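Below you'll find the structure, written out as structure tokens, and then a few comments.
All values reported here derive from a predicted model rather than from experimental measurement. In this chain, numbering begins with 1 at the start of the sequence shown.
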Amino acid sequence: MSAAMDRLRQAIAAGGQDYWLRDARAPATLIPGAAPGPVDGQGLVRFDLKVEQGRIAALAPLGTATDGPSLDGGQVWPGPVDGHTHLDKGHIWPRHANATGSFHGALTACASDRDGWTDADIEARFEWSLRAAYAHGTVAIRTHLESYLPRDPASWRVFRMLRDRWAGRITLQASSIAPLDRFQGEDGESLANTVADSGGILGMVTRLTGGVHDKLPDEFQPMLDRFFSLAEARGLELDIHVDESGESGARALVEIARTAIRRGFKQRIQCGHCCSLSIQPEDFAQATIKACAEAGLSIIVLPMCNMYLQDRVPGRTPRWRGVTLVHELRAAGVPVSVASDNTRDPFYAYGDLDMVEVYREATRILQLDHPIGDWPRAAGATPAAAMGLTDRGCLKPGAAADLLLFRARGMTELLSRPQSDRVVLRDGQVLDAEPPDYRDLDAALGTGPG
């Protein structure tokens, strides 16, 4: 940690429960209501922030506070929200790497590794991932859990245990993930019951077992209606992996939206990936976006993982970034979030569950700048709303003082460096936590460097 940030850390630690943070900047879009000062050309506002008893007590014009630690114009952000991860299969890369880097290679490697999962193995990797996210400042996570009945649902047992263990530190949600055909028959009923009994979200991928995201099979719509009916009978929200390919026949997103409209589905629906939308004919893409807006869908994009997997052909430079039409979706009023997705597993060999990294890379990959506008909400307030967490992802009086403090003043400073030189506050107090060591995980799993 730099000397300046260490001094800030020490000053806050010495300030007790009630104190001012002077001379802070933040994206105005993260502050509901009127900004506490003029907004500059980068969308940033400069102000003083008061903390009382672990909560934000006030956002006041710059110069209001006469004492307290100063950020010297550095930025303060609310703790981020990671709305799409895979914590039960994270960090299996050292055991089962993706030999080709392709989507099919990822499916094959993960299936091989899953055969050896135990509760203890899942717990070790899951817990390690939560420790990493926590140290980086994340306050809420939704994870997708491998759900292949009649296989023993070990991931759900571990999730329930860790959700309780981490309560008060990270709000943890879970969604099932399995191919659509797995929700037919008695297994579908059992899986939906497991999700409901665990307080989870019903999720699937819009492909069939053994397949990839390409032309929809003839039986797709009856299967999709069956999936919706399972959720409706139990009052469950939906979280769906959609059209994760560059195949023009992968057109499940519009069918999901139209099905939700036709059925009058009442619960929240989040759709992830939606990659093929960006290679569809313009008229079809626009019709799909219009249907998504009418259905009230939320879209969550995983730019690092999708750029890694999509359009990968050996010996050929990728022509396409593998991401969906985020600007067009947002312009139509569809909420768009960014998230970590996979970490150090066959679907993505990298990642550290650091939402600052995700937002930085999303800005570069998806061109979320010039202007930056309200895109900072995509790493906090927008996924929080999709998860039903209305008190997260923004800076407002009454909210928990779970904050990230940066030395960076402007947005180019923030996005130019990894920002590992940060101070994390939880309930207004300095968080004394560091990202865990990979060697500790290797020791627990009996693996080596990945």
Side-chain angles (χ1 to χ4, degrees), residues 81-86 140-145 147 149 153 156 159-160 163 171-184 187-206 220-243 252-274 288-302 329-330 332-337 339 377-378 380-393:
V81 175
D82 204 344
H84 182 126
T85 67
H86 293 265
I141 295 175
R142 178 178 290 179
T143 182
H144 296 265
L145 301 178
S147 303
L149 294 182
W156 284 95
F159 159 73
R160 291 190 295 267
R163 179 182 57 189
T171 299
L172 191 58
Q173 296 182 354
S175 168
S176 56
I177 178 172
L180 177 57
D181 57 302
R182 295 278 185 160
F183 291 88
Q184 311 308 300
D187 280 356
E189 293 281 350
S190 296
L191 178 51
N193 287 337
T194 295
V195 172
D197 293 344
S198 301
I201 297 94
L202 197 65
M204 57 89 170
V205 295
T206 55
F220 179 82
Q221 188 59 55
M223 288 184 175
L224 183 62
D225 274 304
R226 159 72 169 174
F227 177 76
F228 267 80
S229 70
L230 291 171
E232 288 166 345
R234 296 160 179 81
L236 297 175
E237 299 176 26
L238 300 180
D239 196 319
I240 309 173
H241 285 62
V242 184
D243 299 338
L253 181 59
V254 70
E255 302 304 331
I256 291 167
R258 289 170 177 167
T259 299
I261 295 167
R262 171 172 52 82
R263 299 181 70 101
F265 191 74
K266 304 300 184 185
Q267 304 296 330
R268 285 183 286 263
I269 303 175
Q270 178 166 272
C271 292
H273 299 288
C274 310
T288 300
I289 291 170
K290 182 179 179 181
C292 289
E294 183 180 352
L297 270 57
S298 296
I299 303 297
I300 192 159
V301 295
L302 306 314
L329 284 159
R330 190 186 66 165
V334 179
V336 178
S337 305
R377 295 175 61 85
T382 304
M387 295 168 63
L389 306 174
T390 56
D391 61 337
R392 290 298 191 180

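- Using a distance-only test at 3.5 Å, with no hydrogens or angles considered, no donor-acceptor pair links the side chain of R258 to the main chain of A291.
- Here the options are Q270, K266, R268, the test is side chain to side chain donor-acceptor pair (under 3.5 Å), and the partner is E237; only R268 passes.
- Once rounded to the nearest 0.5 Å, the distance linking CD1 of I240 with CD1 of I177 reads 11.5 Å.
- No donor-acceptor contact under 3.5 angstrom links the side chains of E189 and N193, judged on distance only.
- In this pair, F228 and F265 present their aromatic rings perpendicular. The plane angle is above 60°, beyond the 30 to 60° band.
- In terms of modelled atom types and a separation under 3.5 Å, the side chain of D239 and the main chain of G203 share no donor-acceptor contact.
- Panel note: side chain R234, backbone V195; no donor-acceptor pair is recorded below 3.5 Å.
- Under the 3.5 Å distance criterion, the side-chain polar atoms of S190 are left unmatched by any main-chain donor or acceptor of D187.
- Note that CG of L180 is 6.0 Å distant from CZ of F220, once rounded to the nearest 0.5 Å.
- Between I201 and Q173, the shortest heavy-atom contact is CD1-OE1, 3.9 Å.
- Within a 6.0 Å radius of CD in E294, other residues, nucleotides and ligands contribute 12 heavy atoms or fewer.
- For the atom pair CG (L230) and CE (M204), the distance works out to 10.5 Å, reported to the nearest 0.5 Å.
- Between the side chain of S147 and the backbone N or O of A178 there is no donor-acceptor pair closer than 3.5 Å.
- Side-chain contact between R182 and L149 is absent, with no heavy atoms from C-beta onward closer than 4.5 Å.
- The two residues S198 and F159 have their closest heavy-atom pair at O-CE2, 3.9 Å.
- Nearest heavy-atom pair across D243 and A252 is OD1-N, 3.0 Å.
- What you find for S176 and F183 is that their closest heavy atoms are OG-CZ, 4.0 Å.
- Rounding to the nearest 0.5 Å gives a distance of 11.5 Å between CE of M387 and OG of S298.
- To the nearest 0.5 Å, the span separating OG1 on T259 from CG on L238 amounts to 10.5 Å.
- The two residues A339 and I300 come nearest to each other via the heavy atoms CB-CD1, 3.7 Å.
- In this structure, T206 contributes its side chain and H241 its backbone to a donor-acceptor pair below 3.5 Å.
- Nearest heavy atoms, G200 versus L236: O-CD2, 3.6 Å.
- With values rounded to the nearest 0.5 angstrom, R160 atom CZ is found 12.5 Å from L172 atom CG.
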side-chain contact (heavy atoms from CB on, under 4.5 Å) assessment of D225 paired with R263: CA-CA 9 Å; D225 274 304; R263 299 181 70 101; 2.8 Å; yes
